[in-house]
Asker: 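Before I ask anything, here is the structure I am working with.
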Amino acid sequence: MSAAPHPRELLLIGGGGEMTLSVDVAVQALEQARARGLRTHVTNRADTLAATPAVTAAADTATAVDFARPGDTADWAAGRAADGERPALVFGVREMAQEAVAATAHALELPGNPPAAVRRIRTKDACRAALAAAGFRQPAVRVCRDASEARAFLAATAGPWVVKPRDGADSAGVRKVTGPDDLPAALAQLPDREAPFLVEEFVDGGEFSVEGVFVGGSPRVLAVTAKEKLPPPYFVEIGHVLPADLPEETRRSVEETVTAALTALELRFGLFHVELWLTAEGIVLGEVHVRIGGGWIHRMLPHVRPGLELYGTVYDDALGLPVDLPARLPAPERAAAARYFAPPEGRVTAVSGWDAVRTHPAVLHAELRVGPGDVVPGFRSGGDRVGAVVVGAATPAEARELARELVASVRFTVEPMEPVDAVDTGDDVPEVRVDLEPRPLTSSFRISHMTIETVDHLRLRLLQGGRTVGEGEITADSGYGQDGPAIAAEAEALAHTLAAACDDAHHGADGADPVAPLRAALEKAAADGVGAPARMLVEMAFLDRAARRAGVPVWRLLGLPEPGRVRLLHTVPIGEDIPLDGRPLKIKLGGADDEQILRSLLGVPAPLILDANRGWDRQDWERLHPLLAELAPAVLEDPVRDPALLPAIRAALPGTAVVLDEGIATAGDAAFAVGTAGGLNVKLMRFGGILPALDALTDATEKGAARMLGCFLEPPRAIAYAAQLAGLCDWSDLDGHFWVSEDRPVPSYGLDSDAPGIPRIAYTPEPARGEAPAI
């Protein structure tokens, strides 16, 4: 009798990693192979095989082979093939295994990507060079071997920048720097401090990824995913929404750019995940991967495209079976979103709300890997994630909001791991409570690159005996890169630390400066990478507490001049009618109708503040220059993307103050704005609070620069907090609360500056000096 033929085999190189997401991906890949009658053989490092029993259980056979040495894996597979154990196809789901997958497929003459092409995209700087050579937009990048080379690159290019490993994953070791002073901390975060690393220009734009599969060697786009990340300096993804809510024209442009790039990079097999930014200049491609994206995208895609089998599609194509995927797919008709938990650092003592989340009917997947007694690390890379929620919904907006709400509904009680030494941590240490609530705006707010509909309202309270003794309040909008739940987690962790470090034992004695220890602690938090919105929220609460204890308003505690009447600009978002009530008008520009809007302003009897949000390039400026010269605006804010144009703009408009806003967040940024534009717009949410903002304004005043005090869409308490600096500025653009609260717009307001703590806005009638009445 002749021997029965061996069933066709899938060789899955690299198996799955130890993270639950990686295990889930590998198990799905094996199950979809088994459903096609394929025998499955998994290879991985011996220790990882032992640590991932679910993967080995899903496979028919497992062998310890180190995928980190692609040549050894290919030789091992070739030896098996010579002994009659030749696989029908070779595949891998892990990033670090892709070179071994390509080398093995090439050695066995099976379908796969060219090894050189995979090696090129796995080397980030080589991929950037290849994309740039093919005509795709890319940020400047340099391979550096030490800090001196990195400093030289910073000196030769426009910042800010990003420091990252040359070969890595999960955003490990990726950190934003704004100048040479930030370099030591960024380099200390690199996983391998002896290896060469990359420094590249920071790309300012919304982040997305494109997911797809190769069929017959050609890329087929399955969906575009919107990314949500923690605020810099780190770049850890906190959530995804699929499909991205993009205009049809933008979606098509993204798909065409990505498919062209994949073709230019000579990729042709398996799955792909391509990262990109949508910037004012257009699409800028990021990293390219020949595997499915992380963030539970492998669970989200089959939900939005029912019946899709990601890995099965690859197998069918490789085996010559029919694949029903047209060259251009319609946009998905339903949506999904994933969101990660980001509890504060420390030891978990209690978790509430989890059962209601995991049993919610819209949940596609939910996991939480920490409970009472577990230690939560800092959230600095994908490896620090402690759980996630994946949901399905009818629209991207509904999916995003539901995922955010479910994650926010799970409350973690965490105690610090290492109490501060030599600090009295007795009964006087306040309790910290942070609350988050999504809130719709009273009306849509449109600027050059986005429209805002909702914000996250965050409130941090310091409690003693159940009584509020200090309070901070802000709002966060993801369109500006402000992630509400992540900010809440950062602020809560920082407040717990400061509750001890800034206690009476340090600043309660007679004659002691109550602000100095808070300033020092916040400066350390900034150096440690705590985001500016979280620092502002904490600073508000602790300065409020200190001022209440001293029996004075915050402005007096800080030695500021008494705030007078705050006279506002009248902000006019893109697309809204321009009022003619005599108030200074802040006109949002940066759109296709700028010339028409500017013409409509000719003859308007009010000071004009024109804000293009970096919406103009050189051609726009040259086209609009005659109109701008005729209008002679009082202020021109963020006119162009290229700072090299600013000297010419200042020379052409000698009576106009030019100020920079976008990206002005540190003392170094402020100095750049003063030096290149002659003015700056200070926003507390960007600087991290009133203390660093005061420093920037003081320096600008000493240098004779134009000073504007601005805001985001923020609650009245945050606006009043910022308004304490209005007396130091030429212009106050502090009307963001009119979109967030029920407060009616007025041309000016005062502050109730007598009560201790943070003042409140006082909508008292105008003094009888002929000023415009309140509306």
Asker: Does R400 come within less than 4.0 Å of D245, counting only side-chain N to carboxylate O?
Answerer: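 Salt bridge flag = no for D245 with R400.
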Asker: Return the minimal non-hydrogen interatomic distance between L751 and P563, and the atom names on each side.
Answerer: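 What the structure gives for the nearest pair is CD1-CB, 3.7 Å.
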Asker: Could you measure the distance from the CG atom of L436 to the CZ atom of R411? Nearest 0.5 Å is fine.
Answerer: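 Rounded to the nearest 0.5 Å, the CG-CZ separation comes out at 8.5 Å.
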Asker: Evaluate the side-chain proximity of D182 to T666: yes if any heavy-atom separation is below 4.5 Å, no if none is.
Answerer: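 No, their side chains stay 4.5 Å or more apart.
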Asker: Under the 3.5 angstrom rule, does the side chain of T468 hit a backbone N or O of R461 as a donor-acceptor pair?
Answerer: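 No: the side chain of T468 does not pair with the backbone of R461.
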Asker: Are V414 and E492 side-chain neighbours, meaning at least one heavy-atom pair lies under 4.5 Å?
Answerer: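 A side-chain contact under 4.5 Å is absent here.
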Asker: If you take all heavy atoms of D669 and G663, which pair is closest and at what distance?
Answerer: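 Here D669 and G663 meet closest at OD2-O, 3.0 Å.
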Asker: Regarding R641 and D204, does a basic nitrogen lie under 4.0 Å from an acidic carboxylate oxygen?
Answerer: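 A salt bridge is absent here (no side-chain N lies under 4.0 Å from a carboxylate O).
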Asker: What distance do L713 atom CG and Q482 atom CD have between them, rounded to the nearest 0.5 Å?
Answerer: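 Answer for the CG-CD pair, L713 versus Q482, is 9.0 Å.
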Asker: Rounded to the nearest 0.5 Å, what separation is found between the CD atom of Q596 and the CG atom of D594?
Answerer: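 The CD atom of Q596 sits 10.0 Å away from the CG atom of D594.
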Asker: Mind running side-chain contact (heavy atoms from CB on, under 4.5 Å) on V566 and I719 for me, showing each step along the way?
Answerer: CA-CA 11 Å; V566 182; I719 295 293; over 6 Å; no
Asker: Work out which heavy atom in A722 is nearest to a heavy atom in L709; give both atom names and the distance.
Answerer: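 Closest heavy-atom pair between A722 and L709: O-CD2, 3.2 Å.
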Asker: Between Q724 (side chain) and Y721 (backbone), is there a donor-acceptor pair under 3.5 Å?
Answerer: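 Present.
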Asker: State, to 0.1 Å, how close Y749 and V746 come at their nearest heavy-atom pair, and which atoms those are.
Answerer: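 Closest approach of Y749 to V746, heavy atoms only: CD2-CG2, 4.2 Å.
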Asker: Determine the minimum heavy-atom distance between R535 and V530, stating which atoms define it.
Answerer: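 Smallest heavy-atom distance, with atoms named: NH1-O, 2.7 Å.
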Asker: Once you round to the nearest 0.5 Å, how far does CE of M536 lie from CG of L460?
Answerer: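 It is 12.0 Å, given to the nearest 0.5 Å.
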Asker: Does D699 reach the main-chain N or O of D695 with its side chain, forming a donor-acceptor pair under 3.5 Å?
Answerer: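 Judged by distance alone, no pair lies under 3.5 Å.
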Asker: Is there a side-chain contact between R519 and D513 (heavy atoms, below 4.5 Å)?
Answerer: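 SC-SC contact between R519 and D513 ruled out.
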Asker: Does a side-chain heavy-atom distance below 4.5 Å link L628 with L610?
Answerer: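 Yes - at least one pair of side-chain heavy atoms lies under 4.5 Å apart.
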Asker: If we check salt bridge (charged side-chain N to carboxylate O under 4.0 Å, His left out) with K586, which of these qualifies: D638, D661, D733?
Answerer: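 Only match with K586 under salt bridge (charged side-chain N to carboxylate O under 4.0 Å, His left out): D733.
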Asker: Are F712 and D477 close enough, and set up right, to give a side-chain contact (heavy atoms from CB on, under 4.5 Å), and what steps lead you there?
Answerer: CA-CA 9 Å; F712 293 97; D477 174 67; over 6 Å; no
Asker: Roughly how far apart are L498 CG and F542 CZ, rounded to 0.5 Å?
Answerer: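 It comes to 5.0 Å.
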Asker: I need the single residue from R545, M540, R717 that forms a side chain to side chain contact (heavy atoms under 4.5 Å, CB included) with E471. Which is it?
Answerer: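 Going through the options one by one, the only one that passes is R717.
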Asker: When you measure from the side chain of T656 to the backbone N and O of P633, does any donor-acceptor pair fall under 3.5 Å?
Answerer: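 Pair found, side chain donor or acceptor close to backbone of P633.
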Asker: Working note: L462 + V432, criterion side-chain contact (heavy atoms from CB on, under 4.5 Å); need CA distance, chi angles, decisive distance, verdict.
Answerer: CA-CA 5 Å; L462 304 175; V432 175; 4.0 Å; yes
Asker: Are the side chain of D642 and the backbone N or O of A644 linked by a donor-acceptor pair below 3.5 Å?
Answerer: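 Judged by distance alone, yes, a pair lies under 3.5 Å.
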Asker: Which value, rounded to the nearest 0.5 Å, describes the distance between R439 atom CZ and S741 atom OG?
Answerer: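 Between R439 CZ and S741 OG, I get 9.0 Å after rounding to 0.5 Å.
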Asker: State plainly whether the residues E662 and R686 are in salt-bridge range, i.e. N to O under 4.0 Å.
Answerer: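 Here E662 pairs with R686 in a salt bridge, since their nearest N and O are under 4.0 Å apart.
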Asker: Considering all heavy atoms of both residues, which atom of A493 and which atom of E345 are nearest to each other, and what is their separation?
Answerer: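 Reported closest heavy-atom pair: CB-N, 4.1 Å.
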Asker: Under a 3.5 Å distance rule, please check whether D730 uses its side chain to pair with a backbone N or O of R707 as donor and acceptor.
Answerer: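 Looks like yes, one N/O pair under 3.5 Å.
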Asker: Hey, are the side chains of D620 and V640 touching, using non-hydrogen atoms and a 4.5 Å cut-off?
Answerer: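 No, every pair of side-chain atoms sits at 4.5 Å or beyond.
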Asker: For the residue pair F687 and I664, establish whether any side-chain heavy-atom pair is separated by less than 4.5 Å.
Answerer: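 Yes; the side chains approach each other to less than 4.5 Å.
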Asker: Quick one: does L627's side chain get under 4.5 Å of L602's, heavy atoms only?
Answerer: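 L627 reaches L602 side chain to side chain.
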Asker: Within the side chain of E473, is there an N or O that forms a donor-acceptor pair under 3.5 Å with the backbone of P715?
Answerer: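 No; zero donor-acceptor contacts below 3.5 Å.
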Asker: Could you tell me whether a side-chain N or O of E539 sits under 3.5 Å from a main-chain N or O of L691, the two making a donor and an acceptor?
Answerer: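 Flag set: sc E539 to bb L691 pair under 3.5 Å.
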Asker: Is it true that R339 and E228 make a salt bridge, defined as a side-chain N closer than 4.0 Å to a carboxylate O?
Answerer: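 E228 and R339: salt-bridged.
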Asker: Can you check whether V659 reaches W731 side chain to side chain, under 4.5 Å on heavy atoms?
Answerer: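 They are not in contact (no side-chain heavy atoms under 4.5 Å apart), so the answer is no.
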